[in-house]
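Given the structure is predicted, the values throughout are model-derived calculations rather than measurements. The figures that follow rest on heavy atoms only: side chains count, while hydrogens, waters and symmetry mates do not.
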Amino acid sequence: MRYLPLTDTDRADMLERVGANSIDDLFVDVPALAQLDGPIRELPMHASEMAVERHMKTRAGKNLAAGDAPFFLGAGAYRHHVPASVDTVIQRGEFLTAYTPYQPEIAQGTLQMLFEFQTQVARLYGCAVANASLYDGSTACWEAVAMASRVTKRKRAVLSGALHPHYSEVVKTMAQFTGDAIADAHPAIQPEPDTDGLIARIDDDTACVVVQYPDILGRISDLSVVAEAAHAKGALLVVVNTEPVALGAIKSPGELGADIVVGEGQAIGVGLQFGGPYLGLFAVRNPKHVRQMPGRLCGETTDAEGKRGFVLTLSTREQHIRREKATSNICTNSGLCALAFSVHMTLLGEKGLRELAAENHRLACAAADRLSQVPGVTVLNNAYFNEFTLMLDGRPARDIVRDLADRGVLGGVSLGRLYPGVEALEQALLVAVTEMTTHEDIETLAAELEALLKEQAQ
């Protein structure tokens, strides 16, 4: 029996107040293909709790879990080893239920943790200041675009074609409400990023240029060239990083001239977790921009007795100041995920992060070398960290991914799935390799891929 506390009159009053004729009007922005046209047909209209549990367990049993098969998925979410000590620490009572430390005098532990987290992110990104985290990488990307608009007083953002398409879509969705013009593109299928093409799109009205590092195809570009071109036009360079482990091996974006660096922190301490919750990272290179940063910052101070203490230093969101003065209204602080990131980063230290990055790259090189030996497979990239693009001869990558899954191999992400309708990307397969990948896994992927392509050729 459903619980329906509202009457038809209640619903009619609410619809009238918001100016809608029917409940369906509230969903006009949802594409028709994403809307149900009736009840879910595979499910009964009613059942006992025990029957529902059995049914859902049966359906869940059809999943192929990340730890149960050779796993090569990436594209912004990566399978790394998370030490058991991370989970132990974040489940301590004083951390597990912590939210926003509005009363600093009784939240010193949470504030200190966030302060240390900010320090780690700032050093990782090569920046002066980082905030106390955001909702996830894609919304952090939008926040950077909005911040650049405030700093430059301009309303045009140039997005690299090699920016993750989900990040691009979030930016375009939010820009509908701010009037920002978003110039995006599709990635060029070539070994090196199209840096010249990106620079050619920067004009005198550009507030920021947004690039991904490494990009959606796994390529690594020279950000300093883009930074120089952006700055020459008075624009800011925003760099997105979806794989923070990479920064243990390659130069930080701040070192290469990035003004704002954002990204996804999931790869360190958080785990895949069925797609979330994840962790948005945000930092700026120039301290003068700190007051335009979204979210909140924790700072270190001394109390009346001269003892070390921590406080919320800047909190420029609508919960703290007038809504029209807020730098953002969506800048949720992912406190527990930030803690997991910070604990894992502390356990690694600088030396451990560099060693972890080196192992990721070593295994990725081994995988690329082996897969390039498969007839009909070409490695696109000249340079990569732990993720690279394969071009498959004669068959769409989406079909290959499905067939590999049927054979017990999670073989990568089809770029045709990320860019539906873009013919040039239909045969591109994005493969990610981490320290969790074994040489046996690589050999299995190569063998199964070779068998599938041979079947196609016949």
Practice problem: Would you sort out whether Glu455 and Leu452 count as a side-chain contact (heavy atoms from CB on, under 4.5 Å), showing the intermediate values? | Solution: CA-CA 5 Å; Glu455 289 175 9; Leu452 286 170; 4.1 Å; yes
Self-check item: For the student: nearest non-hydrogen atoms of Leu363 and Thr434, plus distance
Solution: CD1-O, 3.4 Å
Quiz item: Thinking salt bridges, do Lys57 and Glu53 make one under a 4.0 Å N-O criterion?
Solution: no
Sequence neighbours left out, cut at 3.5 Å: what donor-acceptor pairs do the side chains of residues 186-197 make with other protein atoms?
residue, atom, partner, partner atom, Å
Gln190, NE2, Glu192, O, 2.9
Glu192, OE2, Asn382, ND2, 3.1
Asp194, OD1, Gly197, N, 3.0

Quiz item: Between atom CD of Glu300 and atom CD of Glu116, what is the distance when rounded to the nearest 0.5 Å?
Solution: 8.0 Å
Quiz prompt | Residues Phe117, Ser133; criterion side-chain contact (heavy atoms from CB on, under 4.5 Å); working and verdict | solution = CA-CA 9 Å; Phe117 165 82; Ser133 81; 3.8 Å; yes
Quiz item: With no hydrogens and no angle check, is any side-chain donor or acceptor of Arg285 less than 3.5 Å from a backbone partner on Cys127?
Solution: no
Quiz item: Checking Asn381 side chain against Tyr384 main chain: does a donor-acceptor pair fall under 3.5 Å?
Solution: no
Quiz item: What are the two closest heavy atoms between Leu134 and Pro294, and how far apart are they?
Solution: CD1-CG, 4.2 Å
Quiz item: If only atom types and distance count, is the side chain of Ser221 paired as donor or acceptor with the main-chain N or O of Leu223 below 3.5 Å?
Solution: no
Quiz item: Asp215 and His164: side-chain donor and acceptor closer than 3.5 Å?
Solution: no
Self-check item: Any donor-acceptor N/O pair, Glu243 side chain to Val245 backbone, under 3.5 Å
Solution: yes
Practice problem: Give a yes or no on whether the backbone of Ala258 and the side-chain of Tyr125 come within a donor-acceptor separation of less than 3.5 Å. | Solution: no
Quiz item: Within the distance-only criterion (no hydrogens, no angle test), does the side chain of His55 pair as donor or acceptor with the backbone N or O of Ala51 below 3.5 angstrom?
Solution: no
Quiz prompt | Met345 side chain near Val343 side chain, heavy-atom distance below 4.5 Å | solution = no
Self-check item: CD1-CE distance between Ile182 and Met174, expressed to the nearest 0.5 angstrom
Solution: 11.0 Å
Quiz item: Counting only heavy atoms not in Arg150, do more than 12 fall under 6.0 Å of its CZ?
Solution: yes
Practice problem: For the residue pair Tyr213 and Val261, establish whether any side-chain heavy-atom pair is separated by less than 4.5 Å. | Solution: no
Practice problem: May I ask you to decide if Pro277's main-chain N or O and Gln273's side chain share a donor-acceptor pair within less than 3.5 Å? | Solution: yes
Quiz item: Any side-chain heavy atom of Val262 within less than 4.5 Å of one from Trp142?
Solution: no
Quiz item: Less than 4.5 Å apart, any side-chain heavy atom of Leu430 and any of Glu387?
Solution: yes
Quiz item: Is a side-chain donor or acceptor of Thr152 paired with a backbone partner of Ala148 at a separation under 3.5 angstrom?
Solution: yes
Quiz item: Taking side chain as C-beta onward, heavy atoms only, is Cys141 less than 4.5 Å from Val171?
Solution: yes
Quiz item: For residues Glu255 and Ser224, is any side-chain donor paired with an opposing acceptor at under 3.5 Å?
Solution: no
Quiz prompt | Which atom of Cys298 lies closest to which atom of Leu111, heavy atoms considered | solution = SG-CD2, 3.5 Å
Exercise. With rounding to the nearest 0.5 Å, note down the distance linking CG in Leu163 to CG in Asp184.
Key: 9.0 Å
Self-check item: Distance-only polar pair, side chains of Asp393 and Gln427, donor-acceptor under 3.5 Å
Solution: no
Exercise. Report yes if the side chains of Val238 and Val145 come closer than 4.5 Å at any heavy-atom pair, otherwise no.
Key: no
Practice problem: Please determine if Asp403 and Arg398 form a salt bridge, counting it only when a charged side-chain N lies under 4.0 Å from a carboxylate O. | Solution: no
Quiz prompt | Phe72/Leu404 under side-chain contact (heavy atoms from CB on, under 4.5 Å): CA gap, chis, key distance, verdict | solution = CA-CA 11 Å; Phe72 296 91; Leu404 285 171; over 6 Å; no
Quiz item: Between Phe282 and Ala144, what is the shortest heavy-atom contact and its length?
Solution: CE1-N, 3.6 Å
Quiz item: So do Ser342 and Gln120 actually touch side chain to side chain, heavy atoms under 4.5 Å?
Solution: yes
Exercise. For Arg395 and Ile400, indicate whether the former's side chain and the latter's backbone hold a donor-acceptor pair under 3.5 Å.
Key: no
Exercise. Locate the shortest heavy-atom distance separating Gln35 from Phe27; write the atom from each residue and the value.
Key: NE2-O, 3.4 Å
Quiz item: Does the distance from a Lys or Arg side-chain N to an Asp or Glu carboxylate O, for Arg407 and Glu450, drop under 4.0 Å?
Solution: no
Quiz item: Which value, rounded to the nearest 0.5 Å, describes the distance between Lys233 atom NZ and Glu228 atom CD?
Solution: 13.0 Å
Exercise. Measure from the side-chain N and O atoms of His80 to the backbone N and O of Ala267, and report whether any donor-acceptor pair falls under 3.5 Å.
Key: no
Quiz item: Without hydrogens or angle criteria, can the side chains of Thr444 and Asp441 be said to hold a donor-acceptor pair below 3.5 Å?
Solution: no
Quiz prompt | Under 3.5 Å side-chain donor-acceptor pair for Gln373 and Asp369 | solution = no
Self-check item: Shortest non-hydrogen contact between Gly411 and Leu73, atoms and distance
Solution: N-CD1, 4.2 Å
Self-check item: CA sep, side-chain torsions, deciding dist, call: Val401, Leu429, side-chain contact (heavy atoms from CB on, under 4.5 Å)
Solution: CA-CA 8 Å; Val401 167; Leu429 178 65; 3.5 Å; yes
Practice problem: Sort out for me which residue in Asp205, Asp203, Asp180 forms a salt bridge (charged side-chain N to carboxylate O under 4.0 Å, His left out) with Arg156. | Solution: Asp203
Quiz item: Are any non-hydrogen side-chain atoms of Arg354 and Lys351 less than 4.5 angstrom apart?
Solution: no
Quiz item: When rounded to the nearest 0.5 angstrom, what is the spacing between CD in Gln118 and CG in Leu281?
Solution: 11.5 Å
Self-check item: Glu426 and Tyr419 side chains, donor-acceptor separation under 3.5 Å
Solution: no
Quiz item: Around atom CG of Asn63, are there more than 12 heavy atoms of other residues, nucleotides or ligands at under 6.0 Å?
Solution: yes
Quiz prompt | Distance (rounded to the nearest 0.5 Å) between Lys454 NZ and Leu449 CG | solution = 12.0 Å
